[in-house]
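Computed over heavy atoms, backbone and side chain alike; hydrogens, waters and symmetry mates excluded. Every chain is numbered from 1, with letters handed out A, B, ... down the list of sequences. Everything numeric in this text was worked out from a predicted model, so none of it was measured.
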Amino acid sequence: MLDIRLIRDNPEQVKQRLANRSGDFASLVDEVQSIDTQRRAAETERQKLQSDRNRISKEIGIAKKNGQDTSAIEAEVRGIGSRIEEIGREADVADARQRDLLLSIPNLPHEACPVGSTAEENPEVRVWGTKPAYDFQPKDHTVLGAALGMLDFEAGAKISGSAFVVYRAAGAKLERALISFLLDLHTTQHGYEEISPPLLVKSECLVGTGQLPKFGDQVYHSAADDLYLIPTAEVPVTNLHRDEILPLEKLPVNYAAYTPCFRREAGSAGLGTRGLIRMHQFDKVELVKITTPETSMAELESLTANAEKVLQLLGLHYRVIELCTGDIGFGSAKTYDIEVWAPGQGTYLEVSSCSNFGDYQARRMNLRYKDENGKNRIPHTLNGSGTALARLFVALVETYQQADGTILIPEALRGHFGAEKIG
RNA sequence: GGUGAGGUGGCUGAGUGGUCGAAAGCACAUCUUUGCUAAAGAUGCGUAGCCUUAACAGCUACCGAGGGUUCGAAUCCCUCCCUCACCGCCA
């Protein structure tokens, strides 16, 4: 969330920067400002009364010791007590309201974030490789997957419904090989610590990373236990340090985690739903960083480079685009998307979204660090997929398909997969 | 799930209704002394909010969480959560 002091001191600047996002947040900023004024007035009044009560109560203690009658003075304090309760309720209501408002205001786009209103205005940053050419009509992964016995969408629908899939045989093995390939790459070559977190988390975690309260309809929730299935490893992994004050030596924190991800995808039925592209459950290796504010922008570049390395090693053509202010995520200050080419689809697929959240998530989860002067400061958090598995699977299978219907396994993956081709 | 014990500051650990934000020790920081790879002493050392500010200071809250009793709660009562031990169940 945003710093209330920033809003208090520079409301126009905040509104102006939020205006570049999609959605109108100016009225929320106005409201949070007026609530803040009310809250502080009530808080000041309450604290003055509490101070009075503390002082008089001490006097009562002393008087009683001296055997004096204190009934009159006690009655007076009783009156203060009820006023404290009254004004305190006001202060608490304002405080809760202020927090709610702050939680539903998105992050300010970074100065470096290109201004634009829709995805069409996202600038292309760079391109790696070229679209592969085929002397035959490249097939879709669903066709290839069915022919080679790798993907069973009917079985997925039978046991769990639409947008669920069963990986089988070489498909299951390829998925597993990709997971360990990705984790090995990031842990041994890029310096990340491997994390295997719980997949069910408390609501506080989702508030911390920004999915709640606004996007509650996108996550699966177990009401009986009040636990949520994670929509991304970003949630448990970033929240590892919620409510902590990290020593400076610990920064930057670099974590890599493989987890399944669960998304309700409410409202996106029929949107790019072909095959594996939008599932309720998919695997992903996520990269998470916690850094000082001074280094976060450089770390975003290296995080993105770490994710790109995956596609380079697998020999998959991709491009990197930067999200403009109108397309950027709720909590992000700056985001790069990596899109891999899928020949069977004839389109680019988003396999990674690398974002710098600035202090937005850290403030929500009360995450701080001690700087060199021993002062508590708010660090920056970053995350990016390294990469999403289902779409990587699509790109890989479609890119490396051969005229005879078999699929070549790229060199870098053979050690993990244990064979040179499928079929 | 059952029974028992317990949750206090970075750690250990006192504190069972009144000047306790909390003894003491450890750790840490600064300084002093002796001196030289260590010891002794002094001082400081939680988090957040409010009010102010050049800065300091001041005030309030926080002793697992939430409620209650009271003029006053770390301390008494209730509910919940968590940890540990044993039992039960179980991959």
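- Residue contacts for Asp95(A): at a heavy-atom cut-off of 4.0 Å it reaches no nucleic acid atom on any strand shown.
- Across G49(B), A61(B), G18(B), the shortest atom-to-atom separation from the side chain of Arg39(A) is found for G49(B).
- In this structure, a donor-acceptor pair under 3.5 Å is absent between the side chains of Glu194(A) and Tyr258(A).
- For Gln50(A), the listed nucleotide lying nearest its side chain is U60(B); candidates were U60(B), U47(B), C71(B).
- Gln361(A) and Thr381(A) are linked by a side-chain donor-acceptor pair at a separation below 3.5 angstrom, with hydrogens and angles left out of the test.
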For this session: Output, in order, the C-alpha distance, side-chain angles, deciding distance and verdict of salt bridge (charged side-chain N to carboxylate O under 4.0 Å, His left out) for Asp92(A) and Arg89(A).
Result: CA-CA 5 Å; Asp92(A) 289 343; Arg89(A) 234 188 323 266; over 6 Å; no
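- For Ser57(A), counting side-chain heavy atoms from C-beta on, the closest listed nucleotide (C51(B), G49(B), G18(B)) is G18(B).
- Side-chain nitrogen and oxygen atoms of Asn54(A) include none within less than 4.0 Å of the OP1 or OP2 phosphate oxygen of G72(B).
- Arg8(A) comes within 4.0 angstrom of sugar-phosphate atoms only, judged by non-hydrogen atoms across all strands, and of no base.
- Between Arg53(A) and A73(B), a side-chain N or O to OP1/OP2 separation shorter than 4.0 Å is absent.
- Defined by atom type and a distance below 3.5 Å, a donor-acceptor pair is present between the side-chain atoms of Gln345(A) and His141(A).
- Comparing A48(B), U19(B), C71(B) by their closest approach to the side chain of Lys58(A) singles out U19(B).
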Problem set entry | Secondary-structure string, 5' to 3', Watson-Crick or G-U under 3.5 Å, | for another-strand partners, for RNA chain B | ((((((((.[[[..)..(.....]]].((((((.....)))))).(((((.......))))).[[[[[..)....]]]]])))))))....
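- Counting any heavy atom pair closer than 4.0 Å across all strands shown, Lys64(A) reaches a base atom.
- Note: Phe262(A) and Tyr220(A) have perpendicular aromatic rings, judged against thresholds of 30 and 60 degrees for the angle between ring planes.
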